[in-house]
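Shown next, in structure tokens, is the structure this report addresses.
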Amino acid sequence: MGGMNGKSNGIRNIVVLTGAGVSAESGIDTFRASDGLWEQHRVEDVATPEAFERDPDLVQRFYDMRREAVQTKDPNPAHFALAKLQRELDGNLLIVTQNIDDLHERAGAEDVLHMHGEILNAWCTSCDVRSRWTGTLIERPACPECGDAALRPDIVWFGEMPYRMDEIFDAIREADLFVSIGTSGAVYPAAGFVRDAKSLGVATLELNLERSQGSHWFDESRLGPAGTIVPEWVQEILDNKG
Ligand SMILES: [Zn+2]
């Protein structure tokens, strides 16, 4: 698609990091760094290994509700635009997301790297197998693999190591452009990717509703709702005007 009219912008490989701001326009409420609350719960009560040990019913119920809610939501124009870019870019687009929903995939994206896990997965702490899970976990169902009642949400909690960090760093190293979309710039290690990119000489762009804590690290910041500014940016790239 984009290859025939020259490569004036020289952009072949892109790493996009998406965060809460991309899912917000689909009606998904996520953890807010501003007040430390997630759907009226303190993160210490629902999003740490200690919380799960202390009150597993509360934690399972919390994620059961999130899992149910996600399945009633739909992708928005930002998700569809990124899926289109992945299909049509004359190079590679890796979508790294902090979001636990499956809206990128439902918009048609492939190869989405969920660094904070997936709400539609259950993780067996007995056999370590992850299974697609659309129902509830509160009743302690048996693991489809081993039969143990040892399933937890496949979510990276605070204090746990995000998934596939080596792959993310490798992709940033190979990238011509790093783009952060709808992230607060407050949650590490994702908030540090822009600095890694810059130190490697990779161009950096932020697309966000408002200036983030890390805005000053980016070569360029564009402000506005993701559903508007992401499709505009994608079209620019595909038109080779970037
Ligand atoms: Zn198991």
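This is a predicted model, so every value here is computed, not measured. Counting convention: from 1, in listed order, for ligands and their atoms alike.
- Of all protein N/O/S atoms, those under 2.8 Å from the Zn ion (ligand 1) are C124 SG, C127 SG, C143 SG, C146 SG, and waters are not counted.
- For E160 and R152, the salt-bridge test passes: some basic side-chain N is under 4.0 Å from an acidic carboxylate O.
- Side-chain atoms of Y63 come within 3.5 Å of backbone atoms of V46 as a donor-acceptor pair (strictly under, hydrogens ignored).
- By the 30° and 60° cut-offs, the orientation of the rings of F62 relative to H41 is perpendicular.
- Ionic pairing of R173 and D196 is not present here: no N-O contact between side-chain nitrogen and carboxylate oxygen is shorter than 4.0 angstrom.
- Taking 4.0 Å as the cut-off between side-chain N and carboxylate O, D64 and R61 do not count as a salt-bridged pair.
- Evaluation of the ring pair (Phe, Tyr, Trp, His ring centres under 6.0 Å) test over residues 67-111, restricted to residues two or more places apart or in two chains, returns H79-H104.
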